[in-house]
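Keep in mind that the numbers below use all heavy atoms, side chains included, and drop hydrogens, waters and symmetry copies.
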Amino acid sequence: MHERELKAFISVAEIGRMDAAARHLGYSQAAITYQIQCLERSLGFKLFTRHPNGARLTRDGRSVLPSARAALMLMGDMRSPGPFEDAENDGTPVTAAVAAARKGTA
């Protein structure tokens, strides 16, 4: 499971069309289809039912959408604060979230 697959899944779920989600993300429609198929294989179930007028989430797709959003948010959180040196310990790079947790301010 990769970040780009989660982004594709969430975009198709929100937009309702693979071609429009592809344009939104700057990918080809074939790339979006492939990313969705890879995610479906990884999870072991279909995420969408395809129709001539778009794609609709399956029951399984609806159930994993909140988790996909949360996972994507966590991936962004891990990147966003940026590392800084942890002077209280050994000077190794840590994120702001780790430093706050150590200080009890998280």
Could you list all the ring pair (Phe, Tyr, Trp, His ring centres under 6.0 Å) pairs where at least one residue sits in residues 11-42, not counting sequence neighbours? none

Taking ring-ring contact (aromatic ring centres under 6.0 Å, His included) as the definition, give me every residue that meets it alongside Phe48, ordered by chain and number, with sequence neighbours left out. Phe9

Please enumerate all residues that pass side chain to side chain donor-acceptor pair (under 3.5 Å) together with Glu3, with sequence neighbours excluded. Arg79

Which residue pairs pass the ring pair (Phe, Tyr, Trp, His ring centres under 6.0 Å) test with at least one member in residues 59-78, sequence neighbours excluded? none

At what distance, to the nearest 0.5 angstrom, does CG of Leu47 lie from CD of Glu5? 10.0 Å

Interatomic distance, Arg62 atom CZ to Leu57 atom CG [nearest 0.5 angstrom]: 7.0 Å

By the side-chain hydrogen bond (donor to acceptor under 3.5 Å, both in side chains) test, which pairs, at least two apart or in different chains, include something from residues 43-58? Glu40-Arg50, Thr49-His51, His51-Arg56

Interatomic distance, Cys38 atom SG to Leu43 atom CG [nearest 0.5 angstrom]: 11.0 Å

Excluding sequence neighbours, so at least two apart, what forms side chain to side chain donor-acceptor pair (under 3.5 Å) with Arg69? Glu14

Heavy atoms of Ala71 and Leu6 approach each other most closely as CB-CD1, 4.0 Å

Measuring from Ser67:OG to Leu72:CG, what's the distance to the nearest 0.5 Å? 12.5 Å

side-chain contact (heavy atoms from CB on, under 4.5 Å) filter on Ala20, not counting sequence neighbours, yields Ile15, Arg17, Arg23

How close do Ala8 and Leu25 get, counting heavy atoms only, and between which atoms? CA-CD1, 3.8 Å

Locate the shortest heavy-atom distance separating Ala13 from Leu65; write the atom from each residue and the value. CB-CD1, 4.0 Å

Does Ser28 have any side-chain contact (heavy atoms from CB on, under 4.5 Å) partners at least two apart in sequence or in another chain, and if so, which? Ala30, Ala31

Could you work out, with side chain to side chain donor-acceptor pair (under 3.5 Å) as the rule, every residue matching Asp60, not counting sequence neighbours? none

